[in-house]
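In what follows, a structure is listed as structure tokens, so that the remarks can point back to it.
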Amino acid sequence: MGTNNSKINHAKRKSTDNNYQIISTEQLSPKTSDEFNTKKFKYIEGRRFHNWPDVHYDLPNDETEIDRLHLEHFLLRDVWQSNFSSPIHEQLVSGCNVLDVGCGPGAWCLDMATTFKNSKFYGLDISPIFPSEIKPKNAIFQECQILDGIPHKDQTFDFCHMRFMFPSFDENQWRTYVIKEVGRVLKPGGYLEIAEYKLCENCGPILKRLLDLRCEMMSNIGRNPNIASLLGDFMRDTDLFEEIIYEEKIIETGSWGGKLGEVAKDDIFTRMHAIKPALMNHIKCSGLGITSEDYDEMMNQCINEFNEYKTYFVTCRWYGKKL
């Protein structure tokens with residue numbers, strides 16, 4: 001391996017000791033000028049968000065969030081014991097074209113490109129927070145607003161992957177455009193796989209209140225918090241796919257779930273802090289009287305609730321073969 005690829009390997013978790021190591025965010029984030037930052041990003045309460053007009057997304061895209069997304073990727077890989085469920089392993093080994101829609105900082109693409117060196121992985125995201133230099137040669141990233149169309153020809157890819165895109169689209173966009181557009185660039189016989197979180201189970205009262213507020217906020221901008229349960233129907237409604245397969249895994253959250261539970265706790269804790277700027281704006285507009293300090297204290301109390309109530313989240317995968 002060359003120097004660049006050896007640095008990428010530092011992002012992979014050591015399988016022997018459950019030590020999650022993330023490569024430097026300086027290596028992952030593109031070097032940007034002040035002018036570029038002003039055009040592409042905006043800052044709210046010290047967190048950086050994308051600055052696309054008329055696009056609602058409640059999670060930031062700063063270095064703290066990049067670290068969380070990489071940690072979350074390896075958590076999911078350990079929970080599932082895989083990066084995908086579709087039966088495309090042989091094609092990946094021999095060499096094929098793969099699209100990751102909403103790639104974020106590129107964690108899934110980087111991991112897959114390092115493992116399957118004969119395949120090419122294309123990552124698209126609205127925020128250019130993916131690596132531009134230190135990456136495998138078979139990983140290609142591009143800034144893209146999916147609702148403006150995927151910049152590839154029909155039937156280009158053997159495998160299309162999407163993960164945790166719930167906040168990005170409203171229900172009508174999912175139903176009438178997004179899945180059809182991804183299906184357009186998928187070859188006949190290729191697979192589309194969509195991964196999502198379902199809602200929290202066994203929540204304590206404090207976490208439930210915060211999650212209910214987020215669901216209310218997302219519903220106000222047209223996002224359906226239960227979209228994960230509907231994606232299979234949306235795929236069927238396109239008439240593009242053969243039998244749609246559904247799988248799910250439980251992510252135990254808190255020390256009661258062992259080492260993975262501790263990682264899941266950190267993921268949820270940092271995620272809830274990441275949505276704080278957007279959620280506090282909703283709380284303020286709703287006149288609920290919850291201060292920033294109240295929010296932080298509520299999150300600290302949630303850590304104890306994880307263990308007391310045996311909190312867990314359900315993560316699911318829908319996948320189907322294109323006709």
Side-chain angles (χ1 to χ4, degrees), residues 55 57 76 80 82-104 106 108-109 112-113 116 118-126 139-198 222-249 314-323:
V55 174
Y57 192 77
L76 291 165
W80 283 88
S82 69
N83 279 323
F84 57 90
S85 292
S86 301
I88 44 86
H89 186 267
E90 290 185 7
Q91 296 94 310
L92 290 168
V93 171
S94 60
C96 63
N97 292 322
V98 180
L99 178 66
D100 187 22
V101 179
C103 66
W108 187 86
C109 277
M112 291 286 285
F116 300 104
N118 292 328
S119 292
K120 290 185 178 180
F121 296 85
Y122 297 80
L124 303 178
D125 202 276
I126 195 172
I140 302 100
F141 297 101
Q142 184 177 357
E143 183 180 358
C144 173
Q145 163 55 294
I146 304 303
L147 296 178
D148 292 336
I150 294 174
H152 290 280
K153 296 180 180 179
D154 295 359
Q155 301 181 13
T156 298
F157 297 98
D158 302 278
F159 181 39
C160 291
H161 174 263
M162 303 175 71
R163 185 166 71 186
F164 302 163
M165 295 291 285
F166 142 66
S168 302
F169 312 115
D170 62 38
E171 184 172 338
N172 185 61
Q173 289 166 341
W174 275 110
R175 184 186 298 276
T176 64
Y177 179 78
V178 173
I179 294 175
K180 289 181 180 179
E181 175 63 7
V182 178
R184 176 186 65 81
V185 299
L186 184 62
K187 296 177 182 177
Y191 280 83
L192 168 62
E193 181 166 319
I194 308 176
E196 274 296 342
Y197 272 120
K198 287 189 172 181
R223 273 50 174 172
N224 184 343
N226 297 302
I227 203 71
S229 299
L230 302 176
L231 292 173
D233 290 336
F234 294 168
M235 290 177 69
R236 293 185 190 95
D237 290 346
T238 65
D239 294 324
L240 292 175
F241 302 97
E242 295 181 10
E243 181 184 6
I244 309 299
I245 307 299
Y246 174 82
E247 297 178 356
E248 67 177 35
K249 297 284 186 180
V314 178
T315 177
C316 64
R317 292 174 177 175
W318 295 96
Y319 58 97
K321 183 179 181 180
K322 186 177 178 182
L323 296 167

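Heavy atoms only: backbone and side chains are in, while hydrogens, waters and symmetry mates are out.
- Expressed to the nearest 0.5 Å, how far CD1 of I179 lies from CG of L240 amounts to 9.5 Å.
- How far CD of E247 is from OG1 of T315: 11.0 Å, rounded to the nearest 0.5 Å.
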Original post:
Between D158 and I88, is a side-chain contact (heavy atoms from CB on, under 4.5 Å) present by the stated rule, with each step listed?
Top reply: CA-CA 9 Å; D158 302 278; I88 44 86; over 6 Å; no
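- When side chains are defined from C-beta on, R317 counts as touching S82, because their heavy atoms get closer than 4.5 Å.
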Please list, one pair per line, the donor and acceptor atoms closer than 3.5 Å that link side chains of residues 188-196 to other protein atoms, with sequence neighbours excluded.
| residue | atom | partner | partner atom | Å |
| --- | --- | --- | --- | --- |
| E193 | OE1 | S85 | N | 3.0 |
| E193 | OE1 | S86 | N | 2.8 |
| E193 | OE1 | S86 | OG | 2.7 |
| E193 | OE2 | S85 | N | 3.0 |
| E196 | OE2 | M165 | N | 2.6 |
| E196 | OE2 | F166 | N | 2.8 |

**OP:** Would you please test C160 and V101 for side-chain contact (heavy atoms from CB on, under 4.5 Å) and show each step?
**Re:** CA-CA 7 Å; C160 291; V101 179; 5.5 Å; no
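- Between the D125 side chain and the G104 main chain, a donor and an acceptor come within less than 3.5 Å of each other.
- Between Y197 and F164, the ring planes are parallel. Angles under 30° get that label, and only those over 60° would be called perpendicular.
- The closest donor-acceptor contact from the side chain of R223 to the backbone of P167 lies under 3.5 Å.
- For the pair W108 (side chain) and N83 (backbone), a donor-acceptor distance under 3.5 Å is present.
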Subject >> Trace of the side-chain contact (heavy atoms from CB on, under 4.5 Å) decision for I150 with V182 >> reply: CA-CA 7 Å; I150 294 174; V182 178; 4.0 Å; yes
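- Side-chain contact check for V98 versus Y122: every heavy-atom pair is 4.5 Å or farther apart.
- Here the side chain of W318 pairs no donor or acceptor atom with the backbone of L230 at under 3.5 angstrom.
- Distance check: I126 CD1 to C144 SG gives 8.5 Å after rounding to the nearest 0.5 Å.
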**OP:** For side-chain contact (heavy atoms from CB on, under 4.5 Å), just list the numbers for F234 and E171, CA-CA rounded to whole Å, side-chain angles, deciding distance to a tenth of an Å, and then say yes or no.
**Re:** CA-CA 10 Å; F234 294 168; E171 184 172 338; 3.8 Å; yes
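- Taking all atoms of both residues into account, the shortest heavy-atom contact from N97 to T156 is ND2-O, 3.6 Å.
- For F84 and H161, the gap between ring centers reaches or exceeds 6.0 Å.
- Other residues, nucleotides and ligands contribute only 12 or fewer heavy atoms inside 6.0 Å of the NZ atom of K120.
- To the nearest 0.5 angstrom, K187 atom NZ is 12.5 Å from D154 atom CG.
- By the ring pair (Phe, Tyr, Trp, His ring centres under 6.0 Å) test, W80 pairs with no residue at all, sequence neighbours left out.
- Contact between Q142 and P151 at its shortest, heavy atoms only, is NE2-CG, 3.6 Å.
- Atoms CZ and SG, from F157 and C96 in turn, are 10.5 Å apart once rounded to the nearest 0.5 Å.
- Side-chain contact between M112 and D100: absent, with no pair of heavy atoms (C-beta onward) separated by less than 4.5 Å.
- Contact detail for D148 and Y177: the closest heavy-atom pair is C-OH, 4.1 Å.
- Listed by chain and number, the residues in a side chain to side chain contact (heavy atoms under 4.5 Å, CB included) with E248 are K198, Y246, V314, C316 (sequence neighbours excluded).
- Within the 3.5 Å criterion, the main-chain N or O of H152 finds a donor-acceptor partner in the side chain of R184.
- R175 contributes atom CZ, which lies 14.0 Å from atom CE of M235 (distance to the nearest 0.5 angstrom).
- Nearest heavy atoms, C103 versus F141: SG-CD2, 3.8 Å.
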